[in-house]
2 protein chains.
Amino acid sequence: MTTIADVAKLAGLSRTTVSRVLNNHPNVAEEKKRLVLEAMERLNYVPNSTAQRLRNQKTDTIAILVPVLTNPFFAYLLEAMDTVATDNNLQLLVCQTRYDREKELNFLSLLKTKQVDGLILTSSENDWDIIAEFTQYGPIVLCNEYSELVNVPTVRMDNTEAAYEAACHLIEQGCKKIAYSYGEKKSSVALERENGFRKALQEYGLPLNKEWIIRNVYDMEDGREALNYLSRLPDKPDAVFTGSDQVATGMIIEAKKQNINIPDDLAIVGFDDQPIASIVEPGLTTIAQPIQQMGTKAMETMIEVILHKRNLSYHEILLPFELIVRDSTNRISFN
Amino acid sequence: MTTIADVAKLAGLSRTTVSRVLNNHPNVAEEKKRLVLEAMERLNYVPNSTAQRLRNQKTDTIAILVPVLTNPFFAYLLEAMDTVATDNNLQLLVCQTRYDREKELNFLSLLKTKQVDGLILTSSENDWDIIAEFTQYGPIVLCNEYSELVNVPTVRMDNTEAAYEAACHLIEQGCKKIAYSYGEKKSSVALERENGFRKALQEYGLPLNKEWIIRNVYDMEDGREALNYLSRLPDKPDAVFTGSDQVATGMIIEAKKQNINIPDDLAIVGFDDQPIASIVEPGLTTIAQPIQQMGTKAMETMIEVILHKRNLSYHEILLPFELIVRDSTNRISFN
DNA sequence: GCGGTTTCTGAAATCGATTGCATAAAACAA
DNA sequence: TTGTTTTATGCAATCGATTTCAGAAACCGC
């Protein structure tokens, strides 16, 4: 491996001067600069970034914790973050927690061991007081998931309000028996949505049968199974509000197989407004999340904290959602 | 920041001894060991991994280059690699090239600057002679994409044979005018598939109308547009072989909207056997890629090279595919 | 008690960069 | 010419770990 010392020797100069050339320090004579550049060229020299990291005490790397990469929501979120990071010469260390508490802790330790300059959490498995512990080792930004218990910048959407609006929409379409499905039990996102959902039911004086709540539903296949479950209930719901478009799509497809009419027999609302929502038949009513904005803002906030040393403790950015009405809930004509 | 020197001072010992405790060196007296552990505990000490990397000359990090994270094929591939890597205490640096030559070169430089111990390529934008240049800086493994021009271990599937088999299947179903869609023009994967496809047509003496070849088709939306295009052609195909299940699904959904019967008017074959293939109606005939195996084997090969210093220059692992026949091509009764 | 092993421990070098400080050389002013 | 400022360069310390080497201490057998 060729080091800065090799370059210095070949150029007949000191390591200091070579380093100065490398970092565009002004006080280097043109002639010497040329010598150094020539030597670097000839030796095919590239600085060792581990050494630079140690000396400069920064890694230019941000860790992003996501539960799984195969969930499109997180894939798109990452894509948005990646764009901003790349533009600012930062690397992304993508960490899959797989909804595992232990793994999450290991990744949080990246801050402790100084392997990253900052860390963005998009979901969380551990209690907030445990996570708060890590803020002393480096900046943490919350994106999507949130908690006012941990004093860090947060970029998110109002899931309570979104779920409330979705439920109201179903109720206004004449639905009276609305089922609810979600993934993670502990996540703030799921809790908020459930709160919003319950609030709407309460306001309209509608009941929530315990059998209509389905947990641990993540993908299309889970959606199919969930629909099977619902369609076998003695007291069937006439609508279902799901945690993701994937799940909703699985339900639609299974419903069609069973000749359950959507939206007349069962109205369905998804979440995320992923491409599939507008492609599936009937079109899926859903909550459009500002995924790109969320990712972008979260990374920008991180950069603000790291590069500009700004201290933005609890600084919440609340992004707007939009209820996209399509045919999967279009029962107006049947009221 | 607490360093090994702080621990040494508090424990009343030298840095050497602390380091020995850290690395489980056998020759440390129990009593001293206890002192060191106590000091580490009290100072909440964690070794700085940048310093360790510099000293140990390894990063325990592998870079994985993928075009985009939002393509499920790559998301699942990454997931498989991540599992193996995590089990071997390796970190993954996920790098999105976005099909950009310049970005890919920057990521390849991670090897030069010693930021990673190895690099896995799952696609490639640059010419092979350029990529070959980088093999001198660290181990490269090819996964999915391949080339016999660059002398590195390769894990892949026989795309030629897979496409050939898919095309033969369509032909045996009575299709005579088969369209072909794919994404990346330059990729070895696309080239192989096209070769296999053409070989089948040739053997059966079938024509390939230029208008039936569609480029740059990646996702569901592209699939919809592609179907629109095909259905407006004066000389319409009676089957289409696509590059991914996403694209095929987009086609199926659009075809249904236009009352084009699948498979009778148009038989469709996808690629990958993603979850959606068995969920969509009609079920999608597709080539099941051993995605998990590919990711696993690729990472295992990398580990073999790095951890065990094995030198596996051109060592090709060819994994089996499977043609999964579903209703989207089931025209037997109509022959 | 004495030579020979074995077990512990620490000083100092090392990994490959950057930077504070000192100094030499050049430029400038009087 | 002499004194002052500016520019250019390098020595050596530093970042935080690991490891070689040498010496001290403990143990063993006779």
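These values consider heavy atoms only, across backbone and side chains, with no hydrogens, waters or symmetry-generated copies. So that the names make sense, note that chain A is the first sequence line, chain B the second, and so on, each numbered from 1.
Proximity of B/T17 to the phosphate of C/dG10: a side-chain N or O atom is located under 4.0 Å from OP1 or OP2. Here A/S19 reaches the OP1 or OP2 of C/dT18: one of its side-chain N or O atoms lies under 4.0 Å away.
More than 12 heavy atoms of other shown residues, nucleotides or ligands fall within 6.0 angstrom of atom NZ in B/K112. Around atom NZ of A/K114, more than 12 heavy atoms belonging to other residues, nucleotides or ligands sit under 6.0 Å away. Within 6.0 Å of CD on A/Q136 lie more than 12 heavy atoms contributed by other residues, nucleotides or ligands. The local environment of CD in A/Q57 is crowded, with over 12 non-hydrogen atoms from other residues, nucleotides or ligands closer than 6.0 Å.
In terms of heavy-atom proximity, B/L111 sits nearest to B/G118 at CD2-CA, 3.9 Å. For the residue pair A/E104 and A/E125, the shortest heavy atom distance occurs at OE1-N, 2.8 Å. Pairing each heavy atom of A/R101 with each of A/N126, the nearest pair is CG-OD1, 2.7 Å. Taking all atoms of both residues into account, the shortest heavy-atom contact from B/A8 to B/R15 is CB-N, 3.7 Å.
Side chains of A/L142 and A/R156 form no contact here, defined as non-hydrogen atoms less than 4.5 Å apart. Using a 4.5 Å heavy-atom threshold, the side chains of B/E148 and B/E316 count as separate. Between A/I62 and A/I120 there is a side-chain heavy-atom pair separated by less than 4.5 Å.
Partner of A/L90 under the side-chain contact (heavy atoms from CB on, under 4.5 Å) criterion, out of A/I303, A/T61, A/I306: A/I303 alone.
Within a heavy-atom distance below 4.0 Å of DNA chain C, the residues of residues 43-57 of chain B found are B/L54, B/R55, B/Q57. Residues of residues 111-118 of chain B that place a heavy atom closer than 4.0 Å to DNA chain C do not occur. Residues of residues 9-16 of chain B having a heavy atom closer than 4.0 Å to DNA chain C, listed by number: B/L13, B/S14, B/R15, B/T16.
Here NZ of A/K32 is found 11.0 Å from CZ of A/R34. Values are rounded to the nearest 0.5 Å. Distance CG/B/N144 to CG/B/N159: 7.0 Å, rounded to 0.5 Å.
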What are the atom names and distances for every N/O pair under 3.5 Å that joins the protein to nucleotides 25-28 of chain D?
none

Nucleotide N/O of nucleotides 6-8 of chain D paired with protein N/O under 3.5 Å:
| from | atom 1 | to | atom 2 | distance (Å) |
| --- | --- | --- | --- | --- |
| D/dA8 | OP2 | A/N27 | OD1 | 3.3 |

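With rounding to whole Å, B/D6 atom CG is found 11 Å from D/dC15 atom P.
For B/T122, the side chain to side chain donor-acceptor pair (under 3.5 Å) test picks out no residue, with sequence neighbours left out.
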